[in-house]
Number of protein chains: 2
Amino acid sequence: MASEESAKRRRAGRPKQNVLSPRLIHETALRLIDRHGVEGAGMRAIAAELGVRPSSLYNHVAGQAELIAGVRDLVSERIPTAPFAELPWDAALEQWALGYRLAFASHPPTIALLAVQPLDPDSSTSFMYDAVAAGLVRAGWPQERALSVIVAFECFILGAALDLAADPAMLDPGRRGDVPAFSAVYRARSEALEASGTSPADDAFGIGLRAMLAGLRAEYAALAAQKNDDRRRS
Amino acid sequence: MASEESAKRRRAGRPKQNVLSPRLIHETALRLIDRHGVEGAGMRAIAAELGVRPSSLYNHVAGQAELIAGVRDLVSERIPTAPFAELPWDAALEQWALGYRLAFASHPPTIALLAVQPLDPDSSTSFMYDAVAAGLVRAGWPQERALSVIVAFECFILGAALDLAADPAMLDPGRRGDVPAFSAVYRARSEALEASGTSPADDAFGIGLRAMLAGLRAEYAALAAQKNDDRRRS
DNA sequence: GTGGTAAACGAACGGGGTTCGTTTACCGGC
DNA sequence: GCCGGTAAACGAACCCCGTTCGTTTACCAC
């Protein structure tokens with residue numbers, strides 16, 4: 001009675017049916033991150049959630065760094081890139097930004113992980129870049145410009161995702177009187193947003209996204225005009 | 001000969017002259033971060049650098065979280081906000097972005113720290129926001145819009161700073177053939193940048209900054225036109 | 001069968017941040 | 001001029017973490 005059914009402690013030795021797999025470990029890690037934050041998703045916690053000893057994880061995952069990379073891929077796989085096949089470049093870029101941000105908005109604590117760690121080249125993230133790059137070039141963006149446009153755009157999205165994960169009251173100046181202009185705009189924003197029902201992060205993201213797209217459209221138009229000019233001149 | 005001059009081991013008890021101070025600890029931490037990265041700047045390493053036992057640090061700093069916040073303040077204090085007093089809003093924003101990014105570019109590993117941790121409201125960072133907010137409102141931006149413009153702009157800057165800290169080869173598709181469009185734009189950018197001598201991160205930052213400013217100018221103009229319209233109508 | 005591979009356990013290791021008690025110096029008041 | 005409280009250093013622990021290593025057991029191929 002002390003060995004089998006209630007405590008379900010597994011004895012040493014390979015089990016008849018495999019208990020773990022890389023995929024299962026990654027998904028469990030993501031679930032724990034969502035539930036308890038990053039610090040609640042250590043090796044020991046993941047093992048406990050799976051009813052397993054920590055050392056067993058190392059039969060399927062090289063270490064924590066690789067595990068985090070796996071979780072990141074799990075999240076970024078859900079960023080849709082389909083828009084680039086059917087929409088004009090600017091509308092596609094907009095949809096991409098929305099999907100990108102949404103994917104990480106569902107798992108706020110992972111954003112800091114993605115932002116810092118480098119992505120391994122074999123991961124599926126490269127396919128995302130491929131789809132975006134193809135869309136931009138097909139629309140007429142110069143080859144040597146396309147990647148920097150993508151990176152610049154991604155900078156904004158990533159920053160917005162971080163902002164999304166931050167504490168909403170992070171900026172609150174409170175009752176201090178030594179920053180009057182800051183306090184005034186903070187209060188004005190709070191009231192305006194409460195009336196319209198949108199969150200601070202969404203509002204800033206919307207403004208930035210519109211600005212970025214408008215600016216890129218202007219640059220695109222200028223490039224097209226210059227190209228026309230060159231052709232006429234020759 | 002075993003007690004005083006060579007090993008310079010300090011005996012227990014309060015020393016005649018204080019050895020530590022919060023400021024000194026923060027500066028040492030920043031120096032170690034610059035020299036050895038984040039993982040080389042733990043409590044024990046900071047103590048060793050100061051010739052002190054780890055526990056002594058806790059007489060001046062509550063814990064690692066507070067220490068990190070202090071380091072972040074140390075860096076962000078160096079972001080100049082003077083431009084807002086003398087330049088038009090858009091030129092000031094541009095200068096702010098350049099200074100902001102430069103401040104963290106000097107200490108790449110700190111970027112990830114700033115991005116994630118919330119800032120305590122009493123810190124000097126609030127003064128930065130105050131200066132920026134005052135500049136925007138004075139230029140005519142509506143009170144309830146100003147903060148979201150600032151946050152959106154900061155999202156981009158922060159993302160760009162993270163990009164700056166990332167491995168330059170992070171995106172390199174290498175020789176794989178399954179992402180042709182991505183490989184093509186990567187190669188095209190490499191060649192173009194090598195010719196002009198600018199770094200990938202700088203290029204993307206420049207493009208994004210121009211786009212963001214152009215977009216905000218357009219929004220500003222639209223708001224001004226609408227305001228004029230309202231006035232004429234009434 | 002028999003040996004090799006692989007997946008689980010279990011016990012340790014090393015290194016982090018942190019706490020607590022002790023020792024010593026300064027400082028303010030009787 | 002002593003005397004007690006506060007504060008700053010030490011030193012030894014504590015707990016938690018990621019990780020490694022040896023052992024045990026199951027499967028599989030020859």
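Atom set for the values below is all heavy atoms of this structure, side chains included, hydrogens, waters and symmetry mates excluded. These numbers come from a predicted model, not from an experiment. In what follows, chains carry the letters A, B, and so on, assigned in the order in which the sequence lines appear, proteins first and then strands, with residues in each chain numbered from 1.
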Next item on the list: Can you tell me the distance, in whole Å, between the CG atom of A:Leu20 and the P atom of C:dA7?
Entry: 9 Å
Next item on the list: Rounded to the nearest angstrom, tell me the gap between atom CG in A:Asn18 and atom P in D:dT25.
Entry: 17 Å
Name each donor-acceptor pair under 3.5 Å that joins a side chain in residues 33-53 of chain B to protein atoms two or more places apart or in another chain, with its distance.
unit_1	atom_1	unit_2	atom_2	d
B:Asp34	OD1	B:His107	ND1	2.9
B:Asp34	OD2	B:His107	ND1	2.6
B:Glu49	OE2	B:Arg31	NH1	2.8

If the condition is side-chain hydrogen bond (donor to acceptor under 3.5 Å, both in side chains), which residues does [X] pass it with, not counting sequence neighbours?
| X | result |
| --- | --- |
| A:Glu27 | A:Arg23 |
| A:Asp203 | B:Ser148 |
| A:Glu191 | none |

Margin query: For A:Leu20, is there any backbone N or O sitting under 3.5 Å from a side-chain donor or acceptor partner on A:Asn18?
Written below: no
Throw together a table of side-chain donor-acceptor distances under 3.5 angstrom for residues 177-189 of chain B, partners on residues two or more places apart or in other chains.
unit_1	atom_1	unit_2	atom_2	d
B:Asp178	OD1	B:Arg176	NE	2.8
B:Asp178	OD2	B:Arg176	NH2	3.1
B:Ser183	OG	B:Val179	O	3.1

Note to self: List the residues meeting side-chain contact (heavy atoms from CB on, under 4.5 Å) with A:Thr198, not counting sequence neighbours, and say none if there are none.
What the structure shows: A:Leu193, A:Ser196
Next item on the list: Under 4.0 Å from any atom of DNA chain D, heavy atoms only: list the residues of residues 50-64 of chain A that qualify, in numerical order.
Entry: A:Pro54, A:Ser55, A:Tyr58, A:Gly63, A:Gln64
Set out, line by line, the N/O atom pairs under 3.5 Å between protein and nucleotides 27-29 of chain D.
unit_1	atom_1	unit_2	atom_2	d
D:dC27	OP1	A:Lys16	O	3.2

Notebook entry, point to check: Taking only residues at least two apart or on different chains, which pairs with a member in residues 98-111 of chain A satisfy salt bridge (Lys or Arg N to Asp or Glu O under 4.0 Å)?
Noted result: A:Arg101-A:Asp202
Notebook entry, point to check: Going by heavy atoms closer than 4.0 Å, what residues in residues 23-48 of chain B are next to DNA chain C?
Noted result: B:Gly42, B:Met43, B:Arg44
Notebook entry, point to check: With sequence neighbours excluded, what pairs up with B:Phe153 under the ring pair (Phe, Tyr, Trp, His ring centres under 6.0 Å) test?
Noted result: none
Notebook entry, point to check: Is a side-chain donor-acceptor pair under 3.5 Å present for A:Glu154 with A:Tyr129?
Noted result: yes
